[in-house]
2 protein chains.
Amino acid sequence: MPGHHPARGRRAAERKGDVRERAILDTCEALLEQKGYDAMTVGDIAQGAGITRGALYFYYGSKQEVVTALVARTVEHLWERSRATAQTDEPRQAITAAMRRTVELWNEHGLVMRTAIDLSLTVPEIGELWNHTADLFITAITAVLERAGIQAGTAPDQASAMARALCWMIERTFYHASQESREKLQDASATCEHIWLTSAGLIT
Amino acid sequence: MPGHHPARGRRAAERKGDVRERAILDTCEALLEQKGYDAMTVGDIAQGAGITRGALYFYYGSKQEVVTALVARTVEHLWERSRATAQTDEPRQAITAAMRRTVELWNEHGLVMRTAIDLSLTVPEIGELWNHTADLFITAITAVLERAGIQAGTAPDQASAMARALCWMIERTFYHASQESREKLQDASATCEHIWLTSAGLIT
DNA sequence: AGGAAAAGTCTACACGATGTCGATTTTTAC
DNA sequence: GTAAAAATCGACATCGTGTAGACTTTTCCT
């Protein structure tokens, strides 16, 4: 709750640094698209954001920190969207809805999501961010499977373990498809949905 | 067929460089395990192999080339093993056999396989190597699915597309599990096998 | 054996990217 | 309007990379 007395039409002060921070992250995202992580240099990012290297280090301690912040910003989006999604009782509908939402996510944020996956090993912070995101998905899938009649539990053929495998299937399939085209993503989604439905026992 | 006249007990000459090359690759693999790709420096590899940086550049043009060679050596193994596997007619048996073989592969070469996956984007040569390997698996899975009665074709619910998704599921699931322990790998295998069987229509 | 060519090795160098420091300027808040 | 905080800059030290040229060892042929 910032701004204790909203009188005087002046909007809450926004630090100049906040704008720069956003500019840096935006530039980083653009460069990631153009040249990829390795080729992208700290100098490039600074230049794109309209400052020098030295100034950039005032905001972030390294290239990895910049990218971590970018991933965090994007992943925040996913969590919000995830929370806002209405729960459906009917498993078939739930699965279809989940897959449609996933396609949207990858269409909008495919680049950053792929980057997050790629850097999960080398940058522990990003790894944690992505793991947490995956856990949200796995929990959701587990719930759907159980509602579809799959036995709850962690044994290899029970809901929890299956959900994990299905999550990785979706991650990897979308990862590859999103590098190609929107059409491929759509196809990939249909295939994943089919396997998910089958695994849930909802298809012959 | 080297050595045109096997007389004289002298074994076929092995270039000194061949030994070094192997030492370099072995060292690289060890360091990959100890410090990971990023932390590992060309100097480290050279030192481990008993030569200086300068000498190493005589064999490989860069760190990436060294790792590419390591991946190539490992992947060669996979292909051989893949070729040597007897084909089973009964789908259920084929799936079980394939999963058992996959567990073995990841137990033996997990580290290099994970590295190959990680570097697939940044090092095109490794990407090709790994893609080709994946294609072998996808083809094999497709064949099994078709023999189990899944309709052939590339539509989202037909054998080819399903095989691709299942392949990525296995890759990613094993990738994560092989970082943990052999037990996890075994569990992961059981889960993947179950989903594969279900997708093939071989389980209620 | 012996000597030239090929294979292997080393040290030194140039380059590019990183991250740090202290000085300086701009913003913010009172 | 001014002092503290925020932001920016340029210069520097460091480290890893890749290249070049000189030198040594191995291989192979006669």
Side-chain angles (χ1 to χ4, degrees), chain A residues 2-28 31-32 34-70 119 122-123 125, chain B residues 2-28 31-32 34-70 119 122-123 125:
Chain A
H4 33 104
H5 54 110
R8 277 212 256 143
R10 187 154 49 82
R11 66 196 173 299
E14 181 177 36
R15 286 247 177 296
K16 185 185 179 189
D18 296 340
V19 182
R20 271 284 138 80
E21 226 162 275
R22 234 177 304 136
I24 292 173
L25 262 38
D26 291 343
T27 304
C28 177
L31 288 175
L32 228 35
Q34 290 171 26
K35 358 177 40 168
Y37 180 79
D38 285 338
M40 173 182 70
T41 180
V42 176
D44 293 339
I45 305 177
Q47 184 174 8
I51 52 179
T52 58
R53 267 169 20 82
L56 189 146
Y57 277 102
F58 174 79
Y59 295 99
Y60 299 101
S62 67
K63 186 166 109 177
Q64 299 195 343
E65 271 192 30
V66 175
V67 180
T68 302
L70 174 61
L119 299 181
T122 38
V123 187
E125 287 80 16
Chain B
H4 32 104
H5 54 111
R8 270 204 267 149
R10 188 158 48 84
R11 67 199 174 295
E14 181 178 34
R15 286 248 176 293
K16 185 185 179 188
D18 297 339
V19 182
R20 272 285 139 82
E21 224 162 277
R22 235 177 302 135
I24 292 174
L25 261 37
D26 291 343
T27 303
C28 176
L31 289 174
L32 227 36
Q34 291 171 25
K35 356 180 36 170
Y37 179 79
D38 286 338
M40 174 182 69
T41 180
V42 176
D44 293 337
I45 304 176
Q47 184 173 10
I51 52 178
T52 57
R53 266 166 25 79
L56 189 145
Y57 278 102
F58 175 78
Y59 295 99
Y60 300 102
S62 67
K63 186 166 108 177
Q64 299 196 342
E65 269 192 31
V66 175
V67 179
T68 301
L70 174 61
L119 299 180
T122 37
V123 187
E125 285 81 15

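Side-chain atoms are counted along with the backbone in the values below, which use heavy atoms only and exclude waters and symmetry mates. So you know, we letter chains A, B, ... as the sequences are listed, proteins then strands, and number each from 1.
- A/R20 has its CZ atom 12 Å from the C1' atom of D/dC9, to the nearest Å.
- Annotation: the span from B/D26 atom CG to B/L31 atom CG amounts to 11.0 Å, rounded to 0.5 Å.
- Residues B/V67 and B/C28 share a closest heavy-atom pair of CG2-SG, 4.0 Å.
- Relative to the side chain of A/F58, the nucleotides C/dT9, D/dA6, D/dG18 differ in distance, and D/dA6 lies closest.
- Annotation: proximity of residues 59-67 of chain B to DNA chain C (heavy atom, distance under 4.0 Å) is found for B/Y59, numbered in ascending order.
- In the region residues 35-52 of chain B, proximity to DNA chain D at under 4.0 angstrom, judged on heavy atoms, holds for B/T41, B/V42.
- Residue B/T27 holds its OG1 atom at 11.5 Å from CG of B/L32, rounded to the nearest 0.5 Å.
- Applying the 6.0 Å contact sphere to CD of A/E21 captures more than 12 heavy atoms from other residues, nucleotides or ligands.
- Residues A/Y57 and A/K16 both approach DNA chain C. Their nearest nucleotides, taken by heavy-atom distance, put A/Y57 toward the 5′ side.
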Which pairs would a plain distance check flag for residues 49-64 of chain A, meaning a side-chain donor or acceptor within less than 3.5 Å of a matching protein atom at least two apart in sequence or in another chain?
{"residue": "A/S62", "atom": "OG", "partner": "A/Q64", "partner atom": "N", "Å": "3.4"}
{"residue": "A/S62", "atom": "OG", "partner": "A/E65", "partner atom": "N", "Å": "3.2"}
{"residue": "A/K63", "atom": "NZ", "partner": "A/Y37", "partner atom": "O", "Å": "3.0"}
{"residue": "A/K63", "atom": "NZ", "partner": "A/M40", "partner atom": "O", "Å": "2.8"}

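- In terms of the salt bridge (Lys or Arg N to Asp or Glu O under 4.0 Å) criterion, A/K16 has no residue partners (sequence neighbours excluded).
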Side chain to side chain contact (heavy atoms under 4.5 Å, CB included) assessment of A/V123 paired with A/T68: CA-CA 8 Å; A/V123 187; A/T68 302; 3.6 Å; yes
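- Between the CG atom of A/D18 and the C1' atom of C/dT27 there is a distance of 13 Å, rounded to whole Å.
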Contacts under 3.5 Å, N or O only, protein and nucleotides 20-23 of chain D:
none

Write out a two-atom table: protein N or O, nucleotide N or O from nucleotides 13-15 of chain C, distance below 3.5 Å.
none

